[in-house]
Amino acid sequence: MLKIKDSVKNLIENNSFFQFGIYYKLLNLTRVAKFIKPHIQSKTKKNVTENAILMCLSRIQNETKRKIKDSDFKIENLTIHSNLCTMTFYKTKPIHEKINKIYSKMLINGNFMTISEGTNETTIIFENKFLTDIKKSTNEKPKFIKEKISSLCIKFNSKYLSTPGLLYLILQQIALQNINIIELSSTETEIILYLETKDIKNSFDTIYNKFINPKNTY
């Protein structure tokens with residue numbers, strides 16, 4: 001059976017949202033205490049007052065040092081690829097075969113194209129100039145299509161792969177700018193965000209100033 005303090009501390013340390021809000025003192029701790037009370041009671045197996053939880057939160061806020069600090073995470077490189085288009089199809093064998101043929105041709109000619117597959121859908125992202133040709137080649141109405149997008153590729157060192165909350169740390173910077181992410185993909189040391197072209201400069205500047213050339217500290 002966990003003590004109240006240990007239960008509250010475990011909850012905060014394993015939730016990047018609470019870490020961020022408490023570290024920067026953005027949250028109303030009284031409302032947080034009320035919100036997490038059922039969880040704490042479940043973990044401690046006892047009736048817990050909101051005041052007891054509030055005292056723990058206040059203590060944690062005074063003592064906390066986030067596991068991820070902005071200054072600890074550095075981005076090696078940022079690159080932009082503009083004039084892109086995304087299309088999503090229902091995942092079927094015929095569309096899979098057609099897309100593979102298109103991709104092979106793009107690869108041979110050195111053109112930009114990526115493929116992302118889920119359980120029921122397949123998404124392709126390619127240079128907008130090939131839109132008409134790809135529509136003809138697939139000969140199938142896409143489930144979703146979006147033009148005038150750009151990609152922001154964020155490259156980082158592999159030493160950060162075991163860092164909890166890394167993706168959240170990046171995405172929260174974009175979310176704070178009220179920018180919509182249309183698509184997202186990743187490799188071992190790259191996170192690629194696909195955004196509307198009108199948002200790409202603001203996103204680039206935000207990530208650059210935060211993780212490559214920080215000018216302000218909180």
Side-chain angles (χ1 to χ4, degrees), residues 15-17 73 75-158 160-208 210-212:
N15 188 296
S16 298
F17 174 79
F73 176 58
I75 288 175
E76 293 184 347
N77 193 31
L78 278 176
T79 55
I80 292 174
H81 202 122
S82 302
N83 299 317
L84 303 178
C85 177
T86 180
M87 296 174 73
T88 298
F89 299 90
Y90 288 109
K91 190 176 180 180
T92 63
K93 186 176 180 180
I95 197 66
H96 185 80
E97 291 174 348
K98 292 174 183 177
I99 287 175
N100 280 342
K101 287 182 180 179
I102 296 169
Y103 181 73
S104 296
K105 189 180 294 185
M106 290 284 192
L107 209 59
I108 291 172
N109 295 324
N111 301 123
F112 180 94
M113 182 175 176
T114 64
I115 303 173
S116 177
E117 290 191 314
T119 305
N120 302 304
E121 299 173 342
T122 298
T123 293
I124 57 175
I125 300 174
F126 52 91
E127 294 174 71
N128 199 79
K129 63 184 178 181
F130 296 112
L131 178 58
T132 301
D133 292 338
I134 290 179
K135 280 183 176 179
K136 290 179 180 178
S137 298
T138 55
N139 194 30
E140 186 172 330
K141 184 177 180 181
K143 180 184 177 185
F144 173 78
I145 182 170
K146 178 73 174 178
E147 299 181 59
K148 296 180 180 179
I149 67 172
S150 298
S151 68
L152 179 63
C153 180
I154 302 165
K155 184 170 178 58
F156 53 90
N157 192 289
S158 59
Y160 297 115
L161 288 174
S162 60
T163 303
L166 175 60
L167 181 59
Y168 175 81
L169 186 62
I170 294 172
L171 295 185
Q172 74 181 7
Q173 299 302 316
I174 302 298
L176 288 171
Q177 298 292 332
N178 198 33
I179 292 173
N180 180 45
I181 297 174
I182 299 169
E183 296 281 355
L184 183 151
S185 63
S186 66
T187 61
E188 181 193 8
T189 58
E190 293 179 343
I191 295 173
I192 306 170
L193 308 179
Y194 295 95
L195 316 163
E196 290 192 42
T197 298
K198 66 180 179 63
D199 294 324
I200 199 69
K201 184 180 185 304
N202 191 13
S203 300
F204 180 95
D205 291 344
T206 298
I207 298 298
Y208 180 85
K210 190 69 175 178
F211 300 114
I212 296 181

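Side chains are part of it too, since the values below use all heavy atoms of this structure and drop only hydrogens, waters and symmetry mates. Computed from a prediction, not measured in an experiment: that's the story for all the values here.
Residue N178 qualifies as open at atom CG: its count of foreign heavy atoms under 6.0 Å is 12 or below. Atom CZ of F112 has more than 12 neighbouring heavy atoms from other residues, nucleotides or ligands inside a 6.0 Å radius. Annotation for N111: atom CG counts as buried by contact number, over 12 foreign heavy atoms lying within 6.0 Å.
Side-chain contact check for H96 versus E117: some heavy-atom pair is nearer than 4.5 Å. At a threshold of 4.5 Å between non-hydrogen side-chain atoms, the residues I102 and I124 do not count as touching. The shortest distance between side-chain heavy atoms of M87 and K135 falls below 4.5 Å. No side-chain heavy atom of I181 sits under 4.5 Å from any side-chain heavy atom of I179. The closest side-chain heavy-atom distance from N157 to E76 is below 4.5 Å.
Rounded to the nearest 0.5 angstrom, C85 SG and E127 CD are separated by 11.5 Å. With values rounded to the nearest 0.5 angstrom, F130 atom CZ is found 14.0 Å from K136 atom NZ. To the nearest 0.5 Å, the span separating NZ on K210 from CG on D205 amounts to 14.5 Å. Note that NZ of K143 and OG1 of T122 are 11.0 Å apart. Values are rounded to the nearest 0.5 Å. In this structure, the separation between OG1 on T114 and CD1 on I125 is 4.0 Å, given to the nearest 0.5 Å. From N77, atom CG reaches atom CD1 of I212 across 7.0 Å, with rounding to the nearest 0.5 Å.
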Practice item. Before giving the answer on side-chain contact (heavy atoms from CB on, under 4.5 Å), spell out for K105 and D133 the whole-Å C-alpha distance, their side-chain angles and the decisive distance to 0.1 Å. Key: CA-CA 12 Å; K105 189 180 294 185; D133 292 338; over 6 Å; no
Check your understanding: What's the verdict on side-chain contact (heavy atoms from CB on, under 4.5 Å) for L176 and T206, showing C-alpha distance, side-chain angles and the deciding distance?
Key -> CA-CA 10 Å; L176 288 171; T206 298; over 6 Å; no
**Study point:** Intermediate values then yes/no, side-chain contact (heavy atoms from CB on, under 4.5 Å), F144 and T86
**Key:** CA-CA 8 Å; F144 173 78; T86 180; 3.9 Å; yes
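I207 and Q173 get closest at one heavy-atom pair: CD1-CB, 4.0 Å. Nearest heavy atoms, I115 versus I99: CD1-CG2, 3.6 Å. Nearest heavy-atom pair, E140 versus F89, reported as atom, atom and distance to 0.1 Å: O-CE2, 3.4 Å. Between F204 and L78 the shortest heavy-atom distance is CE1-CB, 3.6 Å. Summarising the geometry of L195 relative to I182, their closest heavy-atom pair is C-CD1, 3.9 Å, with the distance given to 0.1 Å.
Side chain of K98 to backbone of S137: no donor-acceptor contact under 3.5 angstrom is found.
For T88, the side chain to side chain donor-acceptor pair (under 3.5 Å) partners are T123, not counting sequence neighbours.
Among residue pairs with one or both ends in residues 185-200, those qualifying as side chain to side chain donor-acceptor pair (under 3.5 Å) are S150-T197, K155-T189; sequence neighbours excluded.
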